[in-house]
Amino acid sequence: MPELPEVETTRRHLEAAVVGRRIVSAEIRHPRLARRQDRPADFSDRIAGRLVLRIDRIGKLLMKRLDGEVTWVTHLGMSGRVRLVAAGDAEEPHTNVVVRLDDGNEFRLVDPRTFGFVVALLPGEPGEGAWTSLGPDALDALPTSPRLARRLAGRSAPIKALLLDQGFLAGLGNIYADEVLFRAGVSPHRPGGSLSRDEVARIRAAIRPVLRAGLRHGGTSLADLAYLLPDGRAGDYLSRLKVYGRAGDPCRRCGDEIIRTVVRGRSTHWCPRCQT
DNA sequence: ACCTCCCTGGCC
DNA sequence: GGCCAGGGAGGT
């Protein structure tokens with residue numbers, strides 16, 4: 001599923017292919033994808049004819065900066081992926097947003113479960129971070145460990161839940177949160193406020209290497225191939241995962257069995273021997 | 001802090 | 001035919 005490494009991989013593909021292009025037209029095929037726009041028709045009206053100046057990523061959000069101070073925001077939800085193809089190419093099912101560019105290519109948002117969305121924001125409208133009060137980006141703005149420790153102090157929620165909370169830290173999802181906690185050697189069930197300074201430092205130190213490793217491999221495409229790169233290739237970080245999806249398999253470090261528990265309704269994979 | 005909902009494909 | 005996957009919003 002699209003978490004920070006998958007969104008960043010997508011961003012890099014888009015940056016290479018879309019920056020400098022002008023948007024010819026945009027079409028929302030599935031109205032639910034425009035649910036964050038006050039008036040759904042605004043999306044097409046606001047981005048048509050505009051030049052793509054830059055593409056940023058904040059947490060799991062893609063922010064396309066257009067001329068006229070318009071920002072086109074895309075969130076992939078949990079089943080969304082971007083396809084970048086020639087306009088005439090056959091369309092996959094669940095192609096819910098189509099944006100035509102002036103070079104004959106199309107940006108297509110394919111999202112079976114429609115948890116993703118697009119929105120076009122004008123200056124002064126609530127932008128990045130406004131709807132969820134997004135925390136610092138886990139890759140680009142990772143707080144120092146004393147700072148993280150301060151923000152964890154007094155928190156009774158399990159650390160896994162805090163890592164998934166986009167207001168606490170933006171970008172981690174279920175896969176990479178489990179991988180970070182394994183690398184740090186910390187149990188996902190530990191209350192945030194119970195972590196020692198050293199444990200916080202280990203978690204902090206694990207975050208960027210785990211995200212960068214995912215990034216190097218083009219992200220994680222699970223067996224369902226819900227996530228693919230914009231050119232249709234699969235990311236291959238799946239085979240490198242240490243705990244996610246490996247319940248019942250031996251821990252790659254100690255050989256004990258990886259177990260699956262549930263934290264806040266989310267499946268959680270960890271090694272009870274390596275993570276305390 | 002907890003629950004429910006949204007939504008569809010894949011699997012048993 | 002029912003359950004599961006889960007990011008995020010909303011309600012209590």
Nucleotide by nucleotide, nucleotides 7-12 of chain B touches protein heavy atoms under 4.0 Å in the pattern (B base, S sugar-phosphate only, - none) BBS---
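Each of V118(A), I28(A), L121(A), D42(A) was scored for a side chain to side chain contact (heavy atoms under 4.5 Å, CB included) with Q37(A), with one residue passing: D42(A).
Only Q166(A), listed by number, bring a heavy atom of residues 148-166 of chain A to less than 4.0 angstrom from any atom of DNA chain C.
The nearest whole Å value for the distance from the CD atom in E3(A) to the P atom in dA5(C) is 15 Å. As rounded to whole Å, 6 Å separates atom C1' of dG7(C) from atom CZ of R266(A). Going from atom CE of M78(A) over to atom C1' of dC4(C) covers 10 Å, rounded to whole Å. Atom pair L222(A):CG and dC4(C):P shows a separation of 18 Å (rounding to whole Å applied). Here the P atom of nucleotide dG8(C) and the CZ atom of R264(A) are 15 Å apart, to the nearest Å. Note: CG (L76(A)) to P (dA5(C)) measures 21 Å, nearest angstrom. Rounded to a whole Å, the NZ atom of K60(A) is 11 Å from the P atom of dG6(C). Atom-to-atom, CG of L33(A) to P of dG7(C) comes out at 17 Å; the value is rounded to the nearest Å.
At the phosphate of dG6(C), OP1 or OP2 sits under 4.0 Å from a side-chain N or O atom of S267(A). The side chain of R35(A) places no N or O atom within less than 4.0 Å of a non-bridging phosphate oxygen (OP1 or OP2) of dG8(C).
Cation-pi geometry between R36(A) and F117(A) is met: under 6.0 angstrom from the ring centre, within 45 degrees of the axis. For R83(A) and F107(A), the positive end is not near the middle of the six-membered ring at less than 6.0 Å and at most 45° from its axis.
No hydrogens or angles considered: a donor-acceptor pair under 3.5 Å links the side chains of T74(A) and W72(A). With hydrogens and angles left out, the side-chain atoms of T261(A) and H189(A) include a donor and acceptor closer than 3.5 Å. Side-chain contact annotation: D236(A) with H217(A), donor-acceptor N/O pair under 3.5 Å present. For T114(A) and R32(A), the side-chain atoms include at least one donor-acceptor pair closer than 3.5 Å. One side chain, E6(A) or Y176(A), offers a donor N or O that lies under 3.5 Å from an acceptor on the other.
Residue Y244(A) is in sugar-phosphate contact alone, with no base atom involved, counting any heavy-atom pair closer than 4.0 Å across all strands shown. Nucleic acid contact for R36(A): sugar-phosphate only, since backbone atoms but no base atoms lie under 4.0 Å from a heavy atom of the residue.
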Show the numbers, then the answer: is there a side chain to side chain contact (heavy atoms under 4.5 Å, CB included) between E106(A) and L84(A)? CA-CA 6 Å; E106(A) 278 182 359; L84(A) 209 53; over 6 Å; no
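Five base pairs at each end of the helix from dA1(B)-dT12(C) to dC12(B)-dG1(C) define two local axes, and these are offset by 50° (rounded to 10°).
Here the side chain of Q275(A) pairs no donor or acceptor atom with the backbone of S187(A) at under 3.5 angstrom.
Ion pairing of R113(A) with D111(A) is absent here, as no side-chain N (NZ or NE/NH1/NH2) approaches a carboxylate O to less than 4.0 Å. In this structure, R57(A) pairs ionically with D140(A), as a charged nitrogen and a carboxylate oxygen lie closer than 4.0 Å.
Nearest to the side chain of H75(A), among dG8(C), dG6(C), dA1(B), sits dG8(C).
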